[in-house]
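Count residues from 1 along the sequence.
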Amino acid sequence: MPRHWDGTERLLAEVRRVLRELPQRGDYYPGAADRLDAVTRSHPEAEIYGDDTCRLLVPDITDADDPMLTDEVFASALGVVRLPGEDAPQFLCAATEFANDRLPGTLGATLLVHPRTERSHRAAVDEAVAALRYGTLGVNCWSAFGFLLGYTPWGAHPGHTRQDIGSGIGFVHNAFMLEDVEKTVLRAPFAPAPRGLFTGSPSLSPRPPYYVTNRTGGTTMERLTAYATDPRASRLPGIFASALRG
């Protein structure tokens with residue numbers, strides 16, 4: 001987050017509101033409980049949402065050796081780092097360097113940028129997209145959607161070796177059999193319809209099914225999966241109806 005942005009606290013307040021309202025959800029990766037315990041031991045001030053440590057928020061990480069910066073938690077823990085930058089280009093540069101040089105893992109990253117900011121600082125945004133060393137970059141969308149699409153290449157950013165495996169070597173999916181893939185870049189509207197009209201990114205896209213606040217996300221994805229395995233036109237109305245209710 002930008003250290004000097006006056007909207008940082010407003011955004012965190014909205015994140016807290018959503019965390020409070022979410023239903024209980026367990027983490028399913030093996031060892032998630034142990035990794036969350038490590039976060040709470042390192043951060044007794046961590047904010048806990050839910051009946052147990054199923055959702056953690058650490059609103060200000062300052063230690064360079066913090067376990068949230070050195071290890072992949074693979075669980076529901078959000079750590080906030082406040083980076084310098086007096087304007088958008090300076091912050092983008094600092095955020096890109098931080099993501100590349102300090103964070104573990106190179107599978108996926110997400111860049112959230114308001115349409116007005118991108119129009120005003122097109123070159124800085126393009127430079128960040130090109131410089132981020134991640135196998136899939138989502139611009140205003142969840143990077144893991146690149147995995148769900150199935151045909152886009154999914155894998156770590158090139159450069160790992162068998163001796164230093166990092167996030168892995170090579171790509172899966174890649175239905176078009178592209179060679180020498182560096183990264184997949186996905187783009188989505190900054191806000192779904194109809195809110196996109198007020199942010200300068202109008203589209204017909206409904207609320208994405210991967211939003212935790214989507215009320216019908218599970219149903220929509222089940223119907224999309226059924227359509228992918230049996231693409232009958234008669235399945236489309238049910239998909240649209242579920243997506244629009246989300």
Side-chain angles (χ1 to χ4, degrees), residues 1-5 7-8 11 61 64 68-70 72 74 78-192 196 199-203 205 208 210-211:
M1 300 283 289
R3 183 180 299 159
H4 302 294
W5 181 43
T8 294
L11 178 56
I61 295 177
M68 294 194 76
L69 303 183
T70 58
E72 293 187 81
F74 270 104
L78 175 63
V80 179
V81 177
R82 300 163 192 256
L83 297 175
E86 298 296 332
D87 55 24
Q90 290 181 12
F91 170 72
L92 272 172
C93 183
T96 300
E97 291 179 0
F98 181 85
N100 284 341
D101 301 334
R102 298 284 301 283
L103 297 180
T106 63
L107 276 176
T110 294
L111 172 63
L112 300 178
V113 54
H114 196 283
R116 287 197 297 270
T117 301
E118 185 166 10
R119 285 194 295 269
S120 301
H121 305 285
R122 179 79 61 183
V125 174
D126 289 345
E127 288 172 7
V129 170
L132 282 162
R133 297 195 295 268
Y134 289 83
T136 298
L137 175 64
V139 181
N140 293 332
C141 66
W142 182 34
S143 63
F145 209 65
F147 179 87
L148 300 177
L149 288 174
Y151 60 86
T152 48
W154 173 265
H157 192 273
H160 300 299
T161 66
R162 294 182 185 275
Q163 291 72 36
D164 183 16
I165 198 66
S167 293
I169 297 173
F171 286 82
V172 296
H173 301 169
N174 193 13
F176 297 113
M177 301 182 70
L178 303 173
E179 297 183 0
D180 301 322
V181 174
E182 177 182 307
K183 72 175 72 169
T184 296
V185 179
L186 307 173
R187 285 183 172 270
F190 181 75
T199 61
S201 57
S203 76
S205 172
Y210 52 80
Y211 274 29

Compare every heavy atom of [Y] with every heavy atom of [X], then report the nearest pair and how far apart it is.
| X | Y | result |
| --- | --- | --- |
| Ala191 | Thr199 | CB-OG1, 4.0 Å |
| Arg133 | Asp101 | NH2-OD1, 3.0 Å |
| Arg82 | Thr8 | NH1-CG2, 3.6 Å |
| Leu132 | His157 | O-CD2, 4.3 Å |
| Pro104 | Glu72 | CG-CG, 3.8 Å |
| Arg3 | Pro84 | NH2-CD, 3.9 Å |

Between [X] (side chain) and [Y] (backbone), is there a donor-acceptor pair under 3.5 Å?
| X | Y | value |
| --- | --- | --- |
| Thr110 | Ser143 | yes |
| Ser167 | Thr106 | yes |
| Thr184 | Pro153 | yes |
| Arg187 | Val139 | no |

Practice problem: Under the side-chain contact (heavy atoms from CB on, under 4.5 Å) rule, what do Ile169 and Arg162 come out as? Steps first, then yes or no, please. | Solution: CA-CA 8 Å; Ile169 297 173; Arg162 294 182 185 275; 4.1 Å; yes

About how many Å separate [atom2] of [Y] and [atom1] of [X], when rounded to the nearest 0.5 Å?
| X | Y | atom1 | atom2 | answer |
| --- | --- | --- | --- | --- |
| Leu186 | Leu111 | CG | CG | 12.5 Å |
| His121 | Asp126 | NE2 | CG | 13.0 Å |
| Asp87 | Trp5 | CG | CH2 | 14.5 Å |
| Leu107 | Trp154 | CG | CH2 | 5.5 Å |
| Phe171 | Glu182 | CZ | CD | 8.5 Å |
| Thr152 | Phe147 | OG1 | CZ | 9.5 Å |

Quiz prompt | Pro192 and Tyr211, any side-chain heavy atoms less than 4.5 Å apart | solution = yes

Quiz item: Parallel, tilted or perpendicular: which fits the ring planes of Phe190 and His114, with parallel below 30° and perpendicular above 60°?
Solution: tilted

